[in-house]
Amino acid sequence: MSDIKKFMYLNRRAPYGTIYAWESLEVVLIAAAFDQQVSLMFMDDGVFQLVKGSNTSESDMKNFMPTYRTLGDYGVRHMFVDKASLEARGLTQDDLIEVAWEDFETEEEVDNIVEVVDTEQATKLMAESEVVFSF
Amino acid sequence: MADLLTVNKSPFEKNSLETAIKYSTAGSAILLIEDGVYGAMKGSRAESMVKDAMADKKVYALKSDLMARAIKDDRIIDGIEVVDYAGFVDLVEANDKVQAWL
């Protein structure tokens, strides 16, 4: 695997109600393990995946929120969130988890790789990606 | 005649809640479960539809599903009653039948 490609994972489903969010996380972790350039985009109900404070103690479901916080450690460099989708749901960036990133070789650090983008930026980011996986 | 309607889909992705509201009689109870609980959130574009429905219908939301989706009490539309599994059973018992809107 000498070629590094720009992968974009597009998440448009709410967590828990369907398996999409969880499956997407699994595939993201696999791609990141192969040293690809991995970005995530959260749009429509997908923005609910990043809302902090999830508690599944009364639902008999695995709370996979902690896994999102580790994505930076797996080499995911960008997690983009569509602004219009947040606004339609009465949410702001303050409602979302923060994910830190660090390059262990260069020691470059970023406190939070979760970034809210407008429609134009989101369109450009997807267009510039070489592979887009939809969930 | 009063029915319990359950809605388990997000109002932003499917029109299940919208149709359930439109085709239900006054006095019906609407229980939001699973992804349906996103309809209970304040400040969203679905809020006015839910508030209008509350003029002649009672709206409930299931606690465990609100918790899993990080929807805290202060983010829930005023007037929506949060119920647990036992409350769900009480609603089933109190109404003539249960109609699921998927």
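Residue numbers start from 1 in every chain, and the chains themselves are labelled A, B, ... in the order their sequence lines are given, proteins ahead of strands.
In the hydrophobic cluster analysis, where Ile, Leu, Val, Met, Phe, Trp and Tyr join through side-chain heavy atoms closer than 4.5 angstrom, A/Val81 is grouped together with A/Leu25. Hydrophobic clustering, with ILVMFWY side chains joined whenever heavy atoms are under 4.5 angstrom apart, keeps A/Leu71 apart from A/Phe80.
Of all non-hydrogen atoms in A/Thr18 and B/Asp35, the two that sit nearest each other are N-OD2, 4.4 Å.
Around atom NZ of A/Lys52, more than 12 heavy atoms belonging to other residues, nucleotides or ligands sit under 6.0 Å away. Within a 6.0 Å sphere centred on NZ of A/Lys124, other residues, nucleotides and ligands contribute 12 heavy atoms or fewer. Within 6.0 Å of CD in A/Glu120 there are 12 or fewer heavy atoms belonging to other residues, nucleotides or ligands. More than 12 heavy atoms of other shown residues, nucleotides or ligands fall within 6.0 angstrom of atom CZ in A/Phe64. More than 12 heavy atoms of other residues, nucleotides or ligands shown are found within 6.0 angstrom of NZ on B/Lys42. Heavy atoms from other residues, nucleotides or ligands lying under 6.0 Å from NZ of A/Lys83 number 12 at most. More than 12 heavy-atom neighbours from other residues, nucleotides or ligands sit within 6.0 angstrom of OH on B/Tyr85.
Annotation: residues 9-18 of chain B contacts chain A through B/Ser10, B/Phe12, B/Glu13 [non-hydrogen atoms, separation under 4.5 Å]. Residues of residues 60-71 of chain B that come within less than 4.5 angstrom of chain A, heavy atom to heavy atom, are B/Lys63, B/Ser64, B/Met67, B/Ala68, B/Arg69, B/Ala70 in numerical order.
Counting heavy-atom pairs closer than 4.5 Å to chain B, the top residue among A/Met61, A/Arg13, A/Gln49 is A/Arg13.
With a 4.5 angstrom heavy-atom cutoff, A/Asp95 touches chain B only via side-chain atoms.
For A/Asn63, the side-chain contact (heavy atoms from CB on, under 4.5 Å) partners two or more places apart in sequence, or in a different chain, are A/Tyr16, A/Ser54, A/Thr56, A/Met65, A/Pro66.
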Counting only pairs under 3.5 Å, give me each side-chain donor-acceptor contact of residues 104-116 of chain A, with atom names and distances, residues two or more places apart or in other chains.
residue	atom	partner	partner atom	Å
A/Thr106	OG1	A/Glu108	N	3.3
A/Asn112	OD1	A/Val99	N	3.0
A/Asn112	OD1	A/Val114	N	3.1

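Using a distance-only test at 3.5 Å, with no hydrogens or angles considered, no donor-acceptor pair links the side chain of A/Arg89 to the main chain of B/Tyr38.
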